[in-house]
Structures are given as C-alpha cells and as structure tokens.
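Labels below follow one simple rule: chain letters A, B, ... track the order of the sequence lines, proteins then strands, and each chain is numbered from 1.
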Number of protein chains: 2
Amino acid sequence: MQISSRFTIAVHIFSCIDTFGASEKITSDFLASSIQVNPVIIRKLLGQLRDAGLVAVQRGTGGASLAKPADEISLLDIFNAVESLESGKLFHFHENPNPNCPVGRSIHPVLDGRLDQIQSAMEREMQRITLADIFADTKKYIAITSHS
Amino acid sequence: MQISSRFTIAVHIFSCIDTFGASEKITSDFLASSIQVNPVIIRKLLGQLRDAGLVAVQRGTGGASLAKPADEISLLDIFNAVESLESGKLFHFHENPNPNCPVGRSIHPVLDGRLDQIQSAMEREMQRITLADIFADTKKYIAITSHS
DNA sequence: TATGGTTGTAACAAGCGAGGTTACAACTTC
DNA sequence: GAAGTTGTAACCTCGCTTGTTACAACCATA
C-alpha cells in the first residue's frame, strides 16, 4: 500500500505559499487550482498542518502562511502531520500470531526492533530534508525553465 | 496508510519453515494455525513468494521450503515479492498538478528525486537484514524463553 | 487406479481508508 | 449587511485488504 498523496499535496501547498505568498492571497481555491484537487481536500489538509503548528490559516479573510522558518520544517514534520499512521508504525503487523507456537510467540520480539530500524532509516532521511531545500530547488527549476 | 501485514506474515512463514521444516511438513494449514489467518491467505502469499523465487512449494503432496540460502534472502526481497507497489514507488503522487502554474510544473522534477532518496534509505536498510539474521534471533529467543 | 491430503485459484463479501463533492454555519473585513 | 473565505458535516465512490467457500488440479501411496 502506497503512502497517500496527502504528503506530496502538502509539500505542493508549501511551495505555493513560498512562491506566491508575497504577491497573492493563498486561499484553498487558489491552491486547489494549482494542485487540481477539490478545495475541501485542501482545507482538511491545511487543518492538519495548522494543528501540527506548521502553517497559520486566516479565518474569514482567508489565506495561509508558514508558521515557522522554512529551514525548521522538515519533510518528516509534514509527513507526521498529514499521514497519521496507526500508533505511529509504518508496518501493519498481523494481529494474532499463535501464542501456543514457539514461532508465534517469538515473531513480535524478533521483528519489532527490525521494523523500527527500517522505519527510522526512512524518518532520518525525511528529517534531513527541509522546506528550505525544496524551496531552493523550486526557485532554481522555475528560473531555468522560464527564461526561454 | 500502513504497509500491509502480508510482509510480516511472510517473515513469519519463513521462520516456521526454518524452525519446523526439518521435523514437519509445512503446509498452508500448518502455517495458518501458527499465524492465525485463513489458509487461503497463506497459499496466495506462498504463490507470490514462489513467483519471486524465494520458496519452493510442493503441489499435491504439499509443503513449503526455502528456494535459496537464508543469507541470500533479504527483507527487501520479501517486501518486493509481497507488497507490489504501484510502479515500484512508495509515495503516491497527486496525479494532475496544474501545468499552467509554475509550481504545478516544478513539483514533480523537484520532489521525485527526494522521494526516491527517502525510499532508497528504507530499501537499503531492508536489504541489510537477511533471513539468516531473523532465524538467528528467533532461535535465540526460543532458547531463552523455553528453558524455564 | 482409487483415495486422501494438498495446492492453486476463482468468486464473492465485508470493512476501511482515500479522494471527491455538496452544503452550510461561522468568521472577518469592508 | 454583503462578500469572500474557512471549518466541518454528511454523503458517495473506488480500490485494497482480509476473510471465506468452493472446487479443480495435482501427487504419493495403498
């Protein structure tokens, strides 16, 4: 099962805030047209990002902005905000291994640490990448492809 | 979205083969009772593991066994065998970013590499762990908890 | 060759989460 | 109050996971 597109959509939202935030009001409708999904999807996502302390959203008047400097928001922060994993675990373990079987008893103690180890490797990599990196790359890409 | 339990079930299957393979015939019914899931689930999984060249399954007479030495089967091999990701990608990207928006155009080129980088970190960790490691840990755990 | 245990697979169902959509109350500025 | 926006409820569809029954194909052995 793939990780849901909420994650890439969230990054897209941040890139829009950075690119257009100075000149335009970043509403859910504006974002919806860049991302091409329903505005309500965006609002729900912005709600998750707000609850995680990553964005500020203006009620009534409208508009989203960063709640922190870009280099203090990592991809892991975003991932954890929008991808609420069951009890924080990336891997879904089968529920009822047979406790009367030696292997059934041992599978959890043996595997749990390994699964954490794998998940940690992924999280470490996500933590190393911040929005500052993404914004820099986006600026570079837009500059290269626009001065034609 | 969590990774499906097929992965942990598959590892459980291998542990049973290693622990009981010498003394018992490892049928889908036997495995089903240790894992406590339906035998048909096991047969489908064994089919995927067989197609990936990881196990050998006897038709008619029944029984599963390793198709390779344990230290030549990594958790990544198992993961790829049972968790068929859409086009091999861990992250589901939103389908239609707006090509008329600078950010919509750049989000793919900017993010794709980063996502691959994260997925690679996870895969590298999975590749480092082989069934030989799991089997050794299982033996250790069973030994410790059985001589009471 | 007939029997019994087993695998492979089809067919279906229930449950869950993702993603979509409409609708509307609550809010804020003008 | 009007206009634009957010927050949220309610509902839908779709696909995937997991579970289940059923049965043909298979193979060793009696």
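For residues 40-53 of chain B, the pairs satisfying side-chain hydrogen bond (donor to acceptor under 3.5 Å, both in side chains) are B:Ser28-B:Arg43, with sequence neighbours left out. Sorted by first and then second residue, the salt bridge (charged side-chain N to carboxylate O under 4.0 Å, His left out) pairs involving residues 99-118 of chain B (not counting sequence neighbours) are A:Asp137-B:Arg114, B:Lys89-B:Asp116.
With no hydrogens or angles considered, a side-chain donor-acceptor pair links B:Glu123 and B:Gln119 at under 3.5 Å. Side-chain contact of A:Asp77 with A:Ser74: a donor-acceptor pair under 3.5 Å is present, judged by distance alone.
Of the two residues contacting DNA chain C, namely B:His92 and B:Gly60, the nearest-nucleotide position lying further toward the 5' end is that of B:Gly60. Mapping B:Glu83 and A:Arg50 onto DNA chain D via the closest heavy atom, the residue that lands nearer the 5' end is A:Arg50.
No continuous path of hydrophobic side-chain contacts links B:Met1 to A:Leu45 [ILVMFWY only; heavy atoms under 4.5 Å]. A:Val110 and B:Ile142 fall into different hydrophobic clusters, where Ile, Leu, Val, Met, Phe, Trp and Tyr residues are linked whenever their side-chain heavy atoms come under 4.5 Å apart, directly or through other members.
Between B:Asp133 and B:Thr130 there is a side-chain heavy-atom pair separated by less than 4.5 Å. Taking 4.5 Å as the limit, every side-chain heavy atom of A:Thr8 sits out of range of all side-chain heavy atoms of B:Ile107.
Every residue two or more places apart in sequence or in another chain that forms a side-chain contact (heavy atoms from CB on, under 4.5 Å) with A:Ile41 is listed here: A:Val37, A:Asn38.
Annotation: the terminal axes of the helix from C:dT1-D:dA30 to C:dC30-D:dG1 meet at 10°, where each axis is the rotation carrying the C1' atoms of four end pairs onto the next four (5 pairs per end, rounded to 10°).
Taking the six-membered ring for Trp and thresholds of 30 and 60 degrees, A:His94 and B:His12 have ring planes inclined between 30 and 60 degrees apart.
Atom CD1 in A:Ile42 sits about 16 Å away from atom P in C:dA18, given to the nearest Å. Rounded to an integer number of Å, the gap from CE of B:Met1 to C1' of C:dA18 is 9 Å. With rounding to whole Å, B:Glu95 atom CD is found 12 Å from C:dA18 atom C1'. Going from atom CZ of B:Arg43 over to atom C1' of C:dT6 covers 7 Å, rounded to whole Å. The nearest whole Å value for the distance from the NZ atom in A:Lys44 to the P atom in C:dG20 is 10 Å.
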Quiz item: For A:Asp18 and A:Leu131, what are the C-alpha separation, side-chain angles and deciding distance, and is it a side-chain contact (heavy atoms from CB on, under 4.5 Å)?
Solution: CA-CA 9 Å; A:Asp18 185 63; A:Leu131 283 183; over 6 Å; no
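For the segment residues 7-40 of chain B, the set of residues with a heavy atom within less than 4.0 Å of an atom of DNA chain C comprises B:Lys25, B:Thr27, B:Ser28, B:Val40, in numerical order.
A:Ser4 has a side-chain polar atom (N or O) that falls below the 4.0 Å cut-off from OP1 or OP2 of C:dG19.
Chain B approaches DNA chain D over the interval D:dT17 to D:dC27, counting the first and last nucleotide 5' to 3' with an atom under 4.0 Å from its heavy atoms.
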